[in-house]
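One structure below.
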Amino acid sequence: MSQAEATQTDPTEPFDVPRHVAIIMDGNGRWAAARGLPRAEGHRRGVEALRKTVRAAGEMGIACLTIFSFSSENWSRPPSEIRDLMGLLRRFIRNDLAELHQSGVRVRVVGERSDLDPDIRKLLEEAEELTRDNDRLTLVVAFNYGARQEIARAANRIAAEVAAGRIASGVVTAELIAQHLDAPDIPDPDLIIRTSGEQRLSNFLLWQAAYSELVFVPIYWPEFDRAALESAIAEYRRRERRFGGLAAQTGS
Ligand code: FPP
C-alpha cells in the first residue's frame with residue numbers, strides 16, 4: 001500500500017481512530033528561524049495549527065487529545081518568550097473557549113498551577129468549569145507540566161492520605177499511583193505524536209506512555225494539520241500493540 005493510499009480517508013466512512021492522542025508540539029522556533037521570523041511568530045502560528053488539530057480531532061471522533069503547551073522546563077527560556085507563551089495561552093482561552101464549548105469540547109488542565117499567575121489560574125478553572133459537561137472531545141492542556149513532577153505530586157497525595165489514615169502504609173501499587181495522577185479518569189494515550197523530527201519524550205506523560213505507540217513526524221508544529229494527523233494515525237494503525245503479551249496468531 002502506498003503512503004497516500006494508507007493515509008487517505010473516505011469522509012463518508014467512519015475512520016478507525018485511537019481513543020487518546022497526545023501531542024508534543026515541537027519546532028515552532030525552528031519553523032520561524034527557517035523563515036527569518038521571530039520565535040514569537042512561530043508560537044503564534046503554532047496556535048493556528050493547534051486550532052486546526054483540535055477541530056480535526058473532534059471531527060474524526062478522537063475522544064481525548066492531550067497537548068504539551070508549556071513544560072516545567074520551559075521556565076529556563078528568556079523572560080520575553082515566557083511572556084509570549086503565557087500571552088498566547090490567555091488569548092487562546094479568551095478567544096477560543098466559546099467555540100470550543102459550542103463544539104462540545106471539554107477542557108481539562110494538567111500540570112502545576114500554583115506557579116502560574118492568578119489570572120491564568122482563574123482562566124483555566126473557568127474553562128474547566130464551563131465545559132465540564134461536554135463529551136465530544138476532551139482537550140487536556142498540559143501547562144507547566146512535567147511528568148516526573150506529576151509522579152511526585154501523586155506520591156505526595158498518597159503520603160497525605162497515609163498520614164490521614166485513609167490509606168494503609170505498604171500498599172502502594174501501580175494502580176494506586178495512577179489513581180493519584182493529575183487526571184486519573186483520562187485513559188492512557190494510545191498514540192503520542194512528536195513533531196519536528198526529535199525522537200524523545202522530554203518529560204511528557206512518562207507514567208501514562210508505558211504502552212503508547214510513538215510516532216515522530218519530520219515537520220515543524222506550525223505545519224501540522226489534519227492530513228498530518230491522519231498520516232500519524234495511519235502509521236499507528238500499522239503497529240501491532242501487544243501490551244507485553246504475544247503477537248496475535250496468524251494462520252494455523
Ligand atoms: C515547541 O516549540 C513548542 C512549545 C514550547 C510550546 C507549544 C506552544 C504552542 C503550540 C503555542 C501555545 C499554545 C498554547 C495553548 C499556549 P519550540 O519553541 O521548542 O521550538 P524549537 O524547538 O524549534 O525551538
Side-chain angles (χ1 to χ4, degrees), residues 21-58 64-101 105-113 115-117 119-128 130-131 137-147 149 192-205 216-226 228-229 232:
V21 177
I23 308 185
I24 302 175
M25 308 181 289
D26 194 16
N28 294 346
R30 277 163 286 167
W31 180 90
R35 287 158 182 79
L37 297 169
R39 291 179 60 83
E41 181 60 14
H43 293 314
R44 200 187 64 75
R45 292 292 291 262
V47 175
E48 287 179 21
L50 172 60
R51 283 193 188 101
K52 283 188 218 162
T53 304
V54 173
R55 223 169 279 143
C64 183
L65 177 71
T66 297
I67 50 164
F68 203 4
S69 304
F70 189 87
S71 80
S72 309
E73 290 72 32
N74 285 155
W75 294 107
S76 64
R77 295 193 177 198
S80 61
E81 182 161 345
I82 294 173
R83 270 197 304 278
D84 286 340
L85 288 166
M86 296 294 161
L88 282 173
L89 177 73
R90 286 186 180 95
R91 282 199 292 282
F92 179 66
I93 304 259
R94 288 194 187 121
N95 299 342
D96 292 53
L97 186 61
E99 188 193 325
L100 291 170
H101 182 42
V105 176
R106 178 178 185 196
V107 177
R108 299 283 299 272
V109 182
V110 293
E112 181 57 65
R113 295 192 205 193
D115 307 333
L116 300 174
D117 285 350
D119 73 301
I120 293 192
R121 291 213 302 262
K122 191 155 172 280
L123 279 173
L124 295 175
E125 277 160 25
E126 284 169 0
E128 286 186 307
L130 176 71
T131 62
L137 167 73
T138 299
L139 176 65
V140 183
V141 180
F143 202 84
N144 194 21
Y145 176 86
Q149 292 85 340
I192 297 180
I193 300 169
R194 182 174 188 148
T195 56
S196 92
E198 307 286 356
Q199 302 195 357
R200 55 179 171 267
L201 284 175
S202 300
N203 204 15
F204 184 49
L205 301 179
F216 300 104
V217 181
I219 58 172
Y220 296 135
W221 174 250
E223 299 162 320
F224 198 84
D225 56 10
R226 184 186 178 121
L229 179 61

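Predicted model, so just to flag it, every value in this text is computed and none were measured. Both ligands and their constituent atoms are indexed starting at 1 by order of listing.
Nearest protein neighbour of atom 12 (C) of ligand 1, counting heavy atoms only, is V47 CG2, 3.8 Å. The shortest contact between atom 1 (C) of ligand 1 and any protein heavy atom is with M25 O, 3.1 Å. When only non-hydrogen protein atoms are considered, atom 22 (O) of ligand 1 lies nearest to R30 NH2, 2.9 Å. Looking only at heavy atoms of the protein, atom 15 (C) of ligand 1 is closest to L50 CD2, 3.8 Å. For atom 6 (C) of ligand 1, the nearest protein heavy atom (residue, atom name, distance) is S69 O, 3.3 Å.
Every atom of ligand 1 is numbered from 1 in the order shown, and the set under 4.0 Å from a heavy atom of H43 is 11 (C), 18 (O).
A salt bridge links D117 to R90: one of the charged nitrogens lies within less than 4.0 Å of a carboxylate oxygen. The pair K52-D225 does not count as a salt bridge, with every side-chain nitrogen at least 4.0 angstrom from each carboxylate oxygen. The pair E48-R44 meets the salt-bridge criterion, since a charged nitrogen lies less than 4.0 angstrom from a carboxylate oxygen.
Side-chain N or O atoms of N144 include none that pairs as donor or acceptor with a backbone N or O of R113 at under 3.5 Å. A distance-only check finds no donor-acceptor pair linking the side chain of S71 to the backbone of G146 [under 3.5 Å].
Put simply, the side chain of M25 does not reach to within 4.5 Å of the side chain of H43, judged on heavy atoms.
At a heavy-atom distance under 4.0 Å, only side-chain atoms of W221, from C-beta outward, approach ligand 1. With a heavy-atom cut-off of 4.0 Å, N74 touches ligand 1 through its side chain alone.
No N or O atom of W31 sits closer than 3.5 Å to an N or O atom of ligand 1. Residue G29 places at least one N or O, backbone or side chain, under 3.5 Å from an N or O of ligand 1. Taking any N or O of N28, backbone or side chain, at least one lies under 3.5 Å from an N or O belonging to ligand 1. Residue-to-ligand polar distances place D26 within reach of ligand 1: an N/O pair is separated by less than 3.5 Å.
Between A228 and I219, the closest heavy-atom pair is CB-CD1, 4.0 Å.
No side-chain donor from either of E81 and N74 sits under 3.5 Å from a side-chain acceptor of the other.
Note on ligand 1: R39 sits in its first shell, one or more heavy atoms being nearer than 4.0 Å. Heavy-atom separations between R77 and ligand 1 include at least one value shorter than 4.0 Å.
Each of I23, V140, V141 was checked for a side chain to side chain contact (heavy atoms under 4.5 Å, CB included) with L65, and the lone residue meeting it is I23.
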